[in-house]
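So the structure is just underneath, and the comments pick up after that.
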Amino acid sequence: MPLPAKAFQLWLRGVAPTASTADICRISGIKRTTLAQQLVRGKVAETTLVNISRALRLSPLAALASFDHYAELAGNPQPPTPAELVSQIATMDLLRAVINRSSPADAGARAGLSAGRPALSPAPHATSVRNWVDAIDDGELRHRVSAATGVAPQNYSAQLTANRLSPELAVATARAAGVGFTGGLVATGLITEEEAGWPPDAKQSALDALPGGELTALAGERLQTLGKTLRRQEQEQAQTEKIWENLG
(Lines give C-alpha, C1' and ligand atoms only; values in the text may rest on other atoms or scores of the structure.)
Protein backbone atom coordinates (compact mmCIF):
# COMPACT_ATOMS: atom_id res chain seq x y z
CA MET A 1 0.00 0.00 0.00
CA PRO A 2 1.44 3.39 -0.96
CA LEU A 3 2.36 5.73 1.86
CA PRO A 4 -0.05 8.53 2.88
CA ALA A 5 1.21 11.79 1.40
CA LYS A 6 0.73 13.76 4.63
CA ALA A 7 2.71 11.22 6.65
CA PHE A 8 5.41 11.23 3.97
CA GLN A 9 5.69 15.02 4.07
CA LEU A 10 5.98 14.95 7.87
CA TRP A 11 8.75 12.35 7.59
CA LEU A 12 10.54 14.39 4.93
CA ARG A 13 10.40 17.56 7.00
CA GLY A 14 11.85 15.61 9.90
CA VAL A 15 14.83 14.15 8.03
CA ALA A 16 15.54 17.05 5.66
CA PRO A 17 14.00 20.20 7.19
CA THR A 18 15.94 22.67 5.05
CA ALA A 19 15.74 20.84 1.72
CA SER A 20 13.30 22.00 -0.94
CA THR A 21 11.34 19.67 -3.16
CA ALA A 22 13.71 20.55 -6.00
CA ASP A 23 16.69 19.63 -3.81
CA ILE A 24 15.17 16.30 -2.87
CA CYS A 25 14.35 15.42 -6.48
CA ARG A 26 17.81 16.42 -7.67
CA ILE A 27 19.76 14.31 -5.17
CA SER A 28 17.43 11.31 -5.39
CA GLY A 29 17.00 11.25 -9.17
CA ILE A 30 13.21 11.42 -8.91
CA LYS A 31 11.40 13.62 -11.43
CA ARG A 32 9.67 16.59 -9.87
CA THR A 33 6.51 15.82 -11.84
CA THR A 34 6.51 12.24 -10.51
CA LEU A 35 6.77 13.32 -6.89
CA ALA A 36 4.22 16.10 -7.42
CA GLN A 37 1.70 13.68 -8.93
CA GLN A 38 2.12 11.26 -6.03
CA LEU A 39 1.61 14.05 -3.50
CA VAL A 40 -1.49 15.33 -5.30
CA ARG A 41 -2.98 11.83 -5.36
CA GLY A 42 -2.24 11.51 -1.65
CA LYS A 43 -0.24 8.30 -2.16
CA VAL A 44 3.55 8.13 -2.29
CA ALA A 45 5.18 4.98 -3.64
CA GLU A 46 7.49 3.02 -1.35
CA THR A 47 10.17 3.20 -4.03
CA THR A 48 10.09 6.99 -3.76
CA LEU A 49 10.73 6.79 -0.01
CA VAL A 50 13.55 4.28 -0.51
CA ASN A 51 15.26 6.38 -3.19
CA ILE A 52 15.09 9.51 -1.06
CA SER A 53 16.37 7.61 1.98
CA ARG A 54 19.36 6.41 0.01
CA ALA A 55 20.08 9.90 -1.27
CA LEU A 56 20.01 11.21 2.31
CA ARG A 57 22.16 8.27 3.46
CA LEU A 58 19.41 6.97 5.71
CA SER A 59 18.37 3.36 6.20
CA PRO A 60 15.47 2.55 3.83
CA LEU A 61 14.33 -0.14 6.25
CA ALA A 62 14.19 2.33 9.16
CA ALA A 63 12.44 4.88 6.94
CA LEU A 64 9.75 2.38 6.00
CA ALA A 65 9.34 1.35 9.65
CA SER A 66 8.44 4.92 10.57
CA PHE A 67 5.10 4.50 8.75
CA ASP A 68 2.19 2.67 10.33
CA HIS A 69 1.81 0.13 7.52
CA TYR A 70 5.42 -0.98 7.99
CA ALA A 71 5.88 -0.49 11.74
CA GLU A 72 6.75 -4.19 12.08
CA LEU A 73 10.04 -3.51 10.29
CA ALA A 74 11.33 -1.56 13.31
CA GLY A 75 14.11 -2.99 15.46
CA ASN A 76 16.59 -5.69 14.61
CA PRO A 77 15.28 -7.60 11.58
CA GLN A 78 14.82 -11.35 11.83
CA PRO A 79 17.49 -12.96 9.63
CA PRO A 80 16.39 -14.89 6.53
CA THR A 81 16.24 -18.67 6.64
CA PRO A 82 18.75 -20.72 4.61
CA ALA A 83 15.93 -21.56 2.17
CA GLU A 84 15.18 -17.87 1.67
CA LEU A 85 18.84 -17.14 1.03
CA VAL A 86 19.10 -19.92 -1.55
CA SER A 87 15.93 -18.66 -3.24
CA GLN A 88 17.75 -15.41 -3.99
CA ILE A 89 20.59 -17.14 -5.82
CA ALA A 90 20.19 -16.78 -9.57
CA THR A 91 19.67 -19.90 -11.67
CA MET A 92 22.94 -19.42 -13.56
CA ASP A 93 24.81 -19.24 -10.26
CA LEU A 94 23.15 -22.48 -9.15
CA LEU A 95 24.17 -24.20 -12.39
CA ARG A 96 27.71 -22.91 -11.99
CA ALA A 97 27.77 -24.35 -8.47
CA VAL A 98 26.61 -27.75 -9.74
CA ILE A 99 29.44 -27.78 -12.29
CA ASN A 100 31.98 -26.67 -9.68
CA ARG A 101 30.86 -29.38 -7.27
CA SER A 102 31.79 -31.98 -9.87
CA SER A 103 35.34 -30.64 -10.05
CA PRO A 104 38.05 -32.03 -7.74
CA ALA A 105 39.29 -28.47 -7.24
CA ASP A 106 36.02 -27.66 -5.49
CA ALA A 107 37.08 -29.57 -2.40
CA GLY A 108 39.63 -26.88 -1.63
CA ALA A 109 37.17 -24.07 -2.34
CA ARG A 110 34.56 -25.50 -0.01
CA ALA A 111 37.20 -25.88 2.68
CA GLY A 112 37.60 -22.12 2.66
CA LEU A 113 39.96 -21.47 -0.25
CA SER A 114 37.36 -19.58 -2.29
CA ALA A 115 39.36 -16.53 -3.32
CA GLY A 116 39.06 -17.35 -7.01
CA ARG A 117 35.38 -18.25 -6.89
CA PRO A 118 33.12 -15.75 -8.72
CA ALA A 119 30.78 -13.75 -6.54
CA LEU A 120 27.08 -14.56 -6.64
CA SER A 121 24.83 -12.18 -8.54
CA PRO A 122 22.95 -9.75 -6.31
CA ALA A 123 19.22 -10.12 -5.77
CA PRO A 124 16.72 -9.75 -7.27
CA HIS A 125 16.93 -12.11 -10.23
CA ALA A 126 14.51 -13.26 -12.92
CA THR A 127 12.46 -15.54 -10.64
CA SER A 128 13.39 -14.19 -7.21
CA VAL A 129 9.85 -13.39 -6.05
CA ARG A 130 8.30 -16.73 -6.93
CA ASN A 131 11.33 -18.60 -5.60
CA TRP A 132 11.08 -16.73 -2.31
CA VAL A 133 7.41 -17.57 -1.87
CA ASP A 134 8.04 -21.21 -2.81
CA ALA A 135 10.86 -21.35 -0.25
CA ILE A 136 8.59 -20.32 2.64
CA ASP A 137 5.34 -21.94 1.46
CA ASP A 138 4.04 -24.80 3.61
CA GLY A 139 1.31 -25.57 1.10
CA GLU A 140 -1.29 -23.23 2.58
CA LEU A 141 0.59 -19.93 2.49
CA ARG A 142 -1.18 -18.49 -0.55
CA HIS A 143 -4.60 -19.14 1.02
CA ARG A 144 -3.57 -17.51 4.30
CA VAL A 145 -2.24 -14.44 2.48
CA SER A 146 -5.44 -14.19 0.45
CA ALA A 147 -7.60 -14.45 3.57
CA ALA A 148 -5.53 -11.85 5.44
CA THR A 149 -5.28 -9.30 2.63
CA GLY A 150 -8.41 -9.84 0.56
CA VAL A 151 -6.32 -10.35 -2.58
CA ALA A 152 -7.82 -13.08 -4.75
CA PRO A 153 -5.55 -16.14 -5.10
CA GLN A 154 -5.48 -15.80 -8.89
CA ASN A 155 -4.34 -12.18 -8.62
CA TYR A 156 -1.66 -13.16 -6.13
CA SER A 157 -0.46 -15.95 -8.43
CA ALA A 158 -0.44 -13.56 -11.39
CA GLN A 159 1.94 -11.27 -9.52
CA LEU A 160 4.24 -14.18 -8.73
CA THR A 161 4.22 -15.31 -12.37
CA ALA A 162 5.25 -11.78 -13.38
CA ASN A 163 8.00 -11.90 -10.70
CA ARG A 164 6.59 -8.95 -8.82
CA LEU A 165 4.88 -8.38 -5.50
CA SER A 166 3.86 -5.12 -3.90
CA PRO A 167 5.82 -4.27 -0.73
CA GLU A 168 2.64 -4.54 1.33
CA LEU A 169 1.94 -8.04 -0.01
CA ALA A 170 5.56 -9.04 0.54
CA VAL A 171 5.29 -8.06 4.21
CA ALA A 172 1.90 -9.81 4.52
CA THR A 173 3.38 -12.95 2.97
CA ALA A 174 6.30 -12.96 5.38
CA ARG A 175 3.91 -12.44 8.31
CA ALA A 176 1.70 -15.33 7.19
CA ALA A 177 4.75 -17.58 6.81
CA GLY A 178 6.26 -16.60 10.16
CA VAL A 179 9.58 -15.48 8.66
CA GLY A 180 11.50 -12.19 8.75
CA PHE A 181 10.24 -9.29 6.69
CA THR A 182 13.43 -8.51 4.78
CA GLY A 183 13.36 -11.56 2.50
CA GLY A 184 10.38 -10.40 0.49
CA LEU A 185 11.59 -6.81 0.27
CA VAL A 186 14.92 -8.03 -1.12
CA ALA A 187 13.23 -10.46 -3.50
CA THR A 188 11.06 -7.69 -4.94
CA GLY A 189 14.08 -5.39 -5.32
CA LEU A 190 12.74 -2.69 -2.99
CA ILE A 191 15.86 -2.87 -0.80
CA THR A 192 19.27 -4.44 -1.29
CA GLU A 193 20.75 -7.33 0.65
CA GLU A 194 23.08 -4.91 2.44
CA GLU A 195 20.22 -2.59 3.35
CA ALA A 196 18.36 -5.60 4.75
CA GLY A 197 21.29 -6.33 7.05
CA TRP A 198 22.27 -9.60 5.40
CA PRO A 199 25.93 -10.57 5.89
CA PRO A 200 27.94 -10.32 2.63
CA ASP A 201 28.58 -14.07 2.56
CA ALA A 202 25.10 -15.16 3.68
CA LYS A 203 23.95 -16.53 0.31
CA GLN A 204 27.27 -18.22 -0.41
CA SER A 205 27.28 -19.90 3.00
CA ALA A 206 23.72 -21.16 2.45
CA LEU A 207 24.73 -22.47 -0.97
CA ASP A 208 27.83 -24.20 0.37
CA ALA A 209 25.71 -25.90 3.04
CA LEU A 210 23.41 -27.49 0.44
CA PRO A 211 24.13 -31.20 -0.10
CA GLY A 212 24.99 -32.10 -3.68
CA GLY A 213 21.74 -33.95 -4.26
CA GLU A 214 19.59 -31.04 -3.08
CA LEU A 215 21.61 -28.60 -5.14
CA THR A 216 21.25 -30.66 -8.30
CA ALA A 217 17.51 -31.18 -7.74
CA LEU A 218 16.98 -27.46 -7.15
CA ALA A 219 18.94 -26.53 -10.27
CA GLY A 220 16.83 -29.02 -12.24
CA GLU A 221 13.60 -27.46 -10.97
CA ARG A 222 14.85 -24.01 -11.92
CA LEU A 223 15.74 -25.23 -15.43
CA GLN A 224 12.26 -26.71 -15.85
CA THR A 225 10.70 -23.40 -14.86
CA LEU A 226 13.02 -21.54 -17.22
CA GLY A 227 12.10 -23.90 -20.05
CA LYS A 228 8.38 -23.32 -19.51
CA THR A 229 8.90 -19.57 -19.50
CA LEU A 230 10.93 -19.64 -22.70
CA ARG A 231 8.36 -21.84 -24.44
CA ARG A 232 5.57 -19.47 -23.42
CA GLN A 233 7.51 -16.48 -24.71
CA GLU A 234 8.21 -18.26 -28.00
CA GLN A 235 4.52 -19.09 -28.42
CA GLU A 236 3.51 -15.51 -27.69
CA GLN A 237 6.08 -14.25 -30.18
CA ALA A 238 4.81 -16.65 -32.82
CA GLN A 239 1.22 -15.52 -32.23
CA THR A 240 2.26 -11.88 -32.50
CA GLU A 241 4.07 -12.52 -35.79
CA LYS A 242 1.01 -14.37 -37.15
CA ILE A 243 -1.23 -11.42 -36.27
CA TRP A 244 1.08 -9.01 -38.08
CA GLU A 245 1.17 -11.32 -41.11
CA ASN A 246 -2.64 -11.44 -41.21
CA LEU A 247 -2.77 -7.66 -40.98
CA GLY A 248 -0.63 -7.58 -44.12
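Count residues from 1 along the sequence.
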> Which distance, rounded to the nearest 0.5 Å, do you find between the CD1 of I243 and the CD of Q239?
Replying inline: 7.0 Å
>> Testing the basics here: between A174 and G180, what is the closest heavy-atom pair and its distance to 0.1 Å?
In response: CB-O, 3.4 Å
>> Would you say that R144 contacts D138 through its side chain, given a criterion of any heavy-atom pair below 4.5 Å between the two side chains?
In response: yes
>> Does this structure show an ion pair linking D208 with K203, if we count only N-O contacts that are shorter than 4.0 Å?
In response: no
> Distance from L120 atom CG to E193 atom CD, nearest 0.5 Å?
Replying inline: 8.5 Å
> Do L3 and F181 share a hydrophobic cluster (ILVMFWY, side-chain heavy atoms under 4.5 Å, transitive)?
Replying inline: yes
>> Under the side chain to side chain donor-acceptor pair (under 3.5 Å) definition, can you give me all pairs with a residue in residues 86-95, not counting sequence neighbours?
In response: T91-R222, D93-R96, D93-S121
> Checking S128 side chain against H125 main chain: does a donor-acceptor pair fall under 3.5 Å?
Replying inline: yes
> Would L73 and T182 satisfy side-chain contact (heavy atoms from CB on, under 4.5 Å), going step by step from the backbone distance to the final call?
Replying inline: CA-CA 8 Å; L73 300 177; T182 61; 5.9 Å; no
>> Apply side-chain contact (heavy atoms from CB on, under 4.5 Å) to residues I52 and S28 and explain how you reach the verdict.
In response: CA-CA 5 Å; I52 293 174; S28 64; 4.1 Å; yes
>> Once side chain to side chain donor-acceptor pair (under 3.5 Å) is applied, what residue pairs with a partner in residues 1-23 remain, sequence neighbours excluded?
In response: S20-D23, D23-R26
> Have E241 and Q237 got a donor and an acceptor in their side chains that come within less than 3.5 Å?
Replying inline: yes
> Under 4.5 Å between side-chain heavy atoms, hopping through other hydrophobics if needed: is there a path connecting I89 to L215?
Replying inline: yes
>> So F67 and V44, do their side chains get closer than 4.5 Å, heavy atoms only?
In response: no
>> Any non-hydrogen side-chain atom of W198 less than 4.5 Å from a side-chain atom of T192?
In response: no
>> Using modelled atom types and a 3.5 Å cut-off, is there a donor and acceptor pairing between side-chain atoms of N155 and backbone atoms of V151?
In response: no
>> Any side-chain to backbone donor/acceptor pair from S102 onto I99? Under 3.5 Å, distance only.
In response: yes
> Quick one: salt bridge (charged side-chain N to carboxylate O under 4.0 Å, His left out) partners of D68, sequence neighbours excluded?
Replying inline: none
> Under 4.5 Å between side-chain heavy atoms, hopping through other hydrophobics if needed: is there a path connecting L165 to V179?
Replying inline: yes
> By side chain to side chain contact (heavy atoms under 4.5 Å, CB included), which residues pair with R232, not counting sequence neighbours?
Replying inline: T161, T229, E236
> Are I24 and L39 connected in a single hydrophobic cluster, I mean Ile/Leu/Val/Met/Phe/Trp/Tyr linked by side-chain heavy atoms less than 4.5 Å apart?
Replying inline: yes
> Is there side-chain contact between R142 and L160, with at least one heavy-atom pair below 4.5 Å?
Replying inline: yes
> To the nearest 0.5 Å, how far apart are CD in Q38 and CG in L49?
Replying inline: 10.5 Å
>> Would you say that T225 contacts N131 through its side chain, given a criterion of any heavy-atom pair below 4.5 Å between the two side chains?
In response: no
In residues 76-86, what donor-acceptor pairs under 3.5 Å come from side-chain atoms, sequence neighbours left out?
from, atom 1, to, atom 2, distance (Å)
T81, OG1, E84, N, 3.2
T81, OG1, E84, OE1, 3.3
E84, OE1, T81, N, 2.9
E84, OE2, W132, NE1, 2.8

> Going by atom types alone, do Y70 and E46 pair a side-chain donor with an acceptor below 3.5 Å?
Replying inline: yes
>> Testing the 3.5 Å rule here: is there a donor-acceptor pair between the side chains of T149 and Y156?
In response: no
>> With a 3.5 Å distance limit and no angle check, can you tell me whether T34 reaches the backbone of I30 through a side-chain donor-acceptor pair?
In response: no
> So which heavy atom on A172 is nearest to which on V145, and how close?
Replying inline: O-CG2, 4.4 Å
> Atom CG of L35 and atom SG of C25: how far apart are they, to the nearest 0.5 Å?
Replying inline: 4.5 Å
Extract all donor-acceptor atom pairs below 3.5 Å that involve side chains of residues 55-65 and protein atoms in other chains or at least two apart in sequence.
from, atom 1, to, atom 2, distance (Å)
S59, OG, L61, N, 3.3
S59, OG, A62, N, 3.1

> Between D137 and R130, does at least one N-O distance fall below 4.0 Å, as a salt bridge requires?
Replying inline: no
> Are L207 and I136 co-members of a hydrophobic cluster defined by side-chain heavy atoms under 4.5 Å apart?
Replying inline: no
> Is the closest side-chain heavy-atom distance between P211 and E214 below 4.5 Å?
Replying inline: yes
